Amino acid sequence: MAERHRIHPAVDVEALLPSSSHASSKPLQTQAAEKTDRLPPPPPPPKKRRSCCCRCLCWTVLTVVILVVIIGAIVGILYLAFDPKLPKYSVDRLAISNFTVDDNMTVSATFNLTVTTKNPNKKIGIYYRGGSHLSAWYTNTSLCTGTFPVFYQGHKNTTVLNLLLSGETQLGSGLLQELQQQQQTGTIPLVFRGNVPVKVKLGSLKLPKVTFKVKCDIIVNSLSSSNTISLKSSSCKFRLKL
């Protein structure tokens, strides 16, 4: 008898493959996305210090504004209480006891200056301190120097001062020739400068020392000690240096 052939049932080979083969058959993009989902979240970014700096700047600006307001209020109260006015100065007379020029064009000068100082304030006194400096100038050349006296000028006070200035300086030939020409015309410009340390007294309160800077422009008819000196014009300017 012929041998019978056994017929085996059909086997699904793909069904017998492990499940991992199905996972590997997924698209690469899907696998990358799944790996990304499993990664831990990134750490939070470090806090910026910008907000802290802004707060510090705001507090600084606010403090400065408050100080300015307080100082302004104090100054306003003092101004209303004392009604401050600037002192006034004037050159009233100039006497020349010596003005000579030697062969080396060296000028020796001695000036006697009469100055009037006025304190127009009702509640403010002025202490004129030591360390002052006065000078008389012809163009840009200092002829002689002196000092301002030390004294106290009270309220609504007018004081007449006699100031002595002396010194030597050398003039150039051109400047000396110009001075001789002005001597003949009777119009000689001079400048008197003064730097005077003072302390201002408000009521019973003394303020820190400041410097009065005074500049007086005058025109005289002569610089000869043998002539009578007359003032053709006189004008003084004042400013305060802290």
Side-chain angles (χ1 to χ4, degrees), residues 86-119 126-153 157-200 209-242:
L86 295 177
K88 298 180 180 179
Y89 303 89
S90 63
V91 176
D92 303 325
R93 182 174 175 269
L94 174 63
I96 298 177
S97 57
N98 177 40
F99 193 87
T100 58
V101 182
D102 63 13
D103 296 336
N104 296 324
M105 291 185 293
T106 299
V107 176
S108 298
T110 303
F111 291 173
N112 294 283
L113 197 65
T114 301
V115 175
T116 299
T117 68
K118 295 182 179 180
N119 177 14
I126 303 173
Y127 288 93
Y128 289 89
R129 315 293 292 181
S132 61
H133 180 76
L134 306 177
S135 56
W137 294 73
Y138 174 71
T139 61
N140 294 323
T141 302
S142 176
L143 299 176
C144 49
T145 60
T147 59
F148 208 79
V150 177
F151 72 102
Y152 171 74
Q153 189 172 30
N157 176 265
T158 299
T159 302
V160 179
L161 302 172
N162 294 315
L163 308 176
L164 178 65
L165 291 80
S166 61
E168 291 184 354
T169 188
Q170 194 168 20
L171 297 179
S173 58
L175 193 60
L176 182 59
Q177 184 178 3
E178 182 182 355
L179 178 59
Q180 291 172 346
Q181 292 176 352
Q182 292 174 341
Q183 180 91 355
Q184 293 176 357
T185 60
T187 304
I188 302 174
L190 295 175
V191 178
F192 290 92
R193 302 178 187 272
N195 295 331
V196 185
V198 301
K199 278 192 174 183
V200 177
K209 185 166 62 176
V210 295
T211 300
F212 284 176
K213 299 180 73 69
V214 183
K215 177 186 176 185
C216 296
D217 297 295
I218 69 172
I219 296 178
V220 296
N221 65 328
S222 175
L223 287 180
S224 174
S225 57
S226 59
N227 296 337
T228 301
I229 308 300
S230 62
L231 294 178
K232 289 191 171 183
S233 68
S234 176
S235 174
C236 293
K237 296 180 181 179
F238 168 86
R239 66 187 180 93
L240 184 64
K241 180 180 179 182
L242 300 178

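These figures come from a predicted structure and were not determined experimentally. We're numbering straight along the sequence, starting at 1.
Crowding of Asn140 atom CG: a count of heavy atoms from other residues, nucleotides or ligands under 6.0 Å not exceeding 12. Atom NZ of Lys213 has more than 12 neighbouring heavy atoms from other residues, nucleotides or ligands inside a 6.0 Å radius.
A donor-acceptor pair is defined here as one N or O able to donate and one able to accept, closer than 3.5 Å; no such pair exists between the side chain of Glu168 and the backbone of Ala109. Formation of a donor-acceptor pair under 3.5 Å by the Thr117 side chain with backbone atoms of Thr159 is found in this model. Side chain of Lys232 to main chain of Gly186: a donor-acceptor pair is present (N/O by atom type, distance under 3.5 Å, no hydrogens or angles).
In this structure, Tyr152 has its ring center at least 6.0 angstrom away from the ring center of Tyr128.
Between Cys236 and Lys215, every side-chain heavy-atom pair lies at or beyond the 4.5 Å cut-off. Using a 4.5 Å cut-off on side-chain heavy atoms (C-beta onward), Leu143 and Leu190 make contact. With contacts defined as side-chain heavy-atom distances shorter than 4.5 Å, the pair Tyr89/Val196 does not qualify. Counting heavy atoms from C-beta outward, Ser135 and Cys144 have side chains that stay 4.5 Å or more apart. Taking the side chain as every heavy atom from C-beta outward, Pro149 and Leu161 approach each other to under 4.5 Å. Side-chain contact between Trp137 and Phe192 is absent, with no heavy atoms from C-beta onward closer than 4.5 Å. Two residues are said to be in side-chain contact when any heavy atoms from C-beta on lie closer than 4.5 Å; Asn98 and Ser225 fail this criterion. No side-chain heavy atom of Tyr127 sits less than 4.5 Å from a side-chain heavy atom of Val198.
One finds the CG atom of Leu164 at 8.5 Å from the OG1 atom of Thr147 (value rounded to the nearest 0.5 Å). Rounding to the nearest 0.5 angstrom, the gap separating the CZ atom in Phe111 from the CD1 atom in Ile96 is 4.5 Å. Here the OG1 atom belonging to Thr100 is positioned 12.0 Å from the CG atom belonging to Leu223, to the nearest 0.5 angstrom. Note: Met105 CE to Leu179 CG = 12.5 Å, rounded to the nearest 0.5 Å. Distance CZ/Arg93 to OG1/Thr116: 12.0 Å, rounded to 0.5 Å. In this structure, Asn119 CG and Ile126 CD1 are separated by 4.0 Å, a value rounded to the nearest 0.5 Å.
Shown here for Pro197 and Gly130, the closest heavy-atom pair between the two residues is CG-O, 3.5 Å. The two residues Lys209 and Lys199 make their nearest non-hydrogen contact at CA-CG, 3.9 Å. Summarising the geometry of Val115 relative to Asp92, their closest heavy-atom pair is C-OD2, 4.2 Å, with the distance given to 0.1 Å. The minimum heavy-atom distance linking Asp217 with Val191 is given by the pair OD1-CG2, 3.2 Å.
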message: What verdict does the side-chain contact (heavy atoms from CB on, under 4.5 Å) test give for Asn221 and Thr187, after you've listed the backbone C-alpha separation in whole Å, the side-chain angles of each residue and the deciding distance to 0.1 Å?
response: CA-CA 5 Å; Asn221 65 328; Thr187 304; over 6 Å; no
field: Working for side-chain contact (heavy atoms from CB on, under 4.5 Å), residues Leu134 and Leu163
entry: CA-CA 9 Å; Leu134 306 177; Leu163 308 176; 3.5 Å; yes
message: Would Leu175 and Thr139 count as a side-chain contact (heavy atoms from CB on, under 4.5 Å) here? Give the steps.
response: CA-CA 9 Å; Leu175 193 60; Thr139 61; 3.4 Å; yes
task: In sequence, state the C-alpha distance, the side-chain angles, and the governing distance for Ile219 and Ile188, and then conclude on side-chain contact (heavy atoms from CB on, under 4.5 Å).
output: CA-CA 5 Å; Ile219 296 178; Ile188 302 174; 5.9 Å; no
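No donor-acceptor contact under 3.5 angstrom links the side chains of Asn112 and Thr110, judged on distance only.
Each of Thr106, Val107, Val101 was evaluated against Leu171; a single residue qualifies, Val107, per the side-chain contact (heavy atoms from CB on, under 4.5 Å) test. Under the side-chain hydrogen bond (donor to acceptor under 3.5 Å, both in side chains) test applied with Ser222, the options Gln183, Gln182, Gln184 reduce to a single match, Gln183.
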